[in-house]
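Numbering starts at 1 and runs along the sequence shown. Predicted model, so just to flag it, every value in this text is computed and none were measured.
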Amino acid sequence: MYAGEIFKLTPHSERLRKSAELLDFDLPYSVAEIDQACIDTCRKMGLEDCYVRPVAFRGPEQVSVSAHNNRTHVAIAVWDWPSYFDPETKARGISLEWAKWRRPDPATAPSAAKAAGLYMICTMSKMAAEKRGFADAMM
């Protein structure tokens, strides 16, 4: 959220619903309801500039690879989030390098889904780039 507006909120909520479909579970809320929950949560916390993370997950009714008996839960997390890059880096311009990791091939994982397990390569790539003096890695 920047100055009280969540950047591309509806496309992000649509992607969350599509990700759930790709991962074979249904969200119990519409895109409009997810959008409103994000807005309401930010307002309730009194945040104008913050990180907004809606998440959907199964469980915990059955802890197993088979999750057909688990209900779907949705949570909205928000927290104060200053600029991703420090003012000095932004003033200089942001440098990037190509990451050694690539997103998984669609035939090996639901790579179009915004799923937590797929984010590890982004974190690893960013940390490696920073060690070599870059601000981030291009995935």
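Surrounding CD of E5 are at most 12 heavy atoms belonging to other residues, nucleotides or ligands under 6.0 Å away.
Atom-to-atom distance recorded for I76:CD1 and I34:CD1 is 7.0 Å, nearest 0.5 angstrom. Rounding to the nearest 0.5 angstrom, the gap separating the NZ atom in K44 from the OG1 atom in T41 is 9.0 Å. Q36 contributes atom CD, which lies 14.0 Å from atom OH of Y29 (distance to the nearest 0.5 angstrom). Here D40 contributes atom CG and M45 contributes atom CE; the two are 13.5 Å apart, rounded to the nearest 0.5 Å.
Pairing each heavy atom of L23 with each of R58, the nearest pair is O-NH2, 3.3 Å. Nearest approach of H73 to R71, heavy atoms of both residues: CE1-NH2, 3.1 Å. In plain terms, the two heavy atoms of D49 and A3 that are nearest each other are OD1-N, 2.8 Å. Counting all heavy atoms, side chain and backbone alike, L47 lies closest to D80 at CD1-N, 4.1 Å. Across every non-hydrogen atom of S95 and F134, the tightest pair is OG-CA, 3.7 Å.
You'll find the side chain of C42 reaches within 4.5 Å of the side chain of C50, heavy atoms only. Side-chain contact check for R15 versus S19: some heavy-atom pair is nearer than 4.5 Å. W79 has its side chain within reach of R53: a pair of non-hydrogen atoms, C-beta onward, lies under 4.5 Å apart. Side chains of F25 and L27 form a contact here, defined as non-hydrogen atoms less than 4.5 Å apart. You'll find the side chain of Y84 reaches within 4.5 Å of the side chain of D136, heavy atoms only.
Partner of V52 under the side chain to side chain contact (heavy atoms under 4.5 Å, CB included) criterion, chosen from L9, I6, I39: I6.
The closest donor-acceptor contact from the side chain of R43 to the backbone of G4 lies at 3.5 Å or more, if one exists at all. Using a distance-only test at 3.5 Å, with no hydrogens or angles considered, a donor-acceptor pair links the side chain of K126 to the main chain of A135. The closest donor-acceptor contact from the side chain of T72 to the backbone of D26 lies under 3.5 Å.
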Determine, stepwise, if the pair M139 / S125 fulfils side chain to side chain contact (heavy atoms under 4.5 Å, CB included).
CA-CA 8 Å; M139 297 302 293; S125 296; 3.7 Å; yes
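Using a 4.5 Å cut-off between side-chain heavy atoms of Ile, Leu, Val, Met, Phe, Trp and Tyr, with links allowed through other members, I94 and M138 fall into the same hydrophobic cluster.
Under a 4.5 Å side-chain heavy-atom criterion applied to ILVMFWY residues, the cluster that includes Y2 comprises F7 as well.
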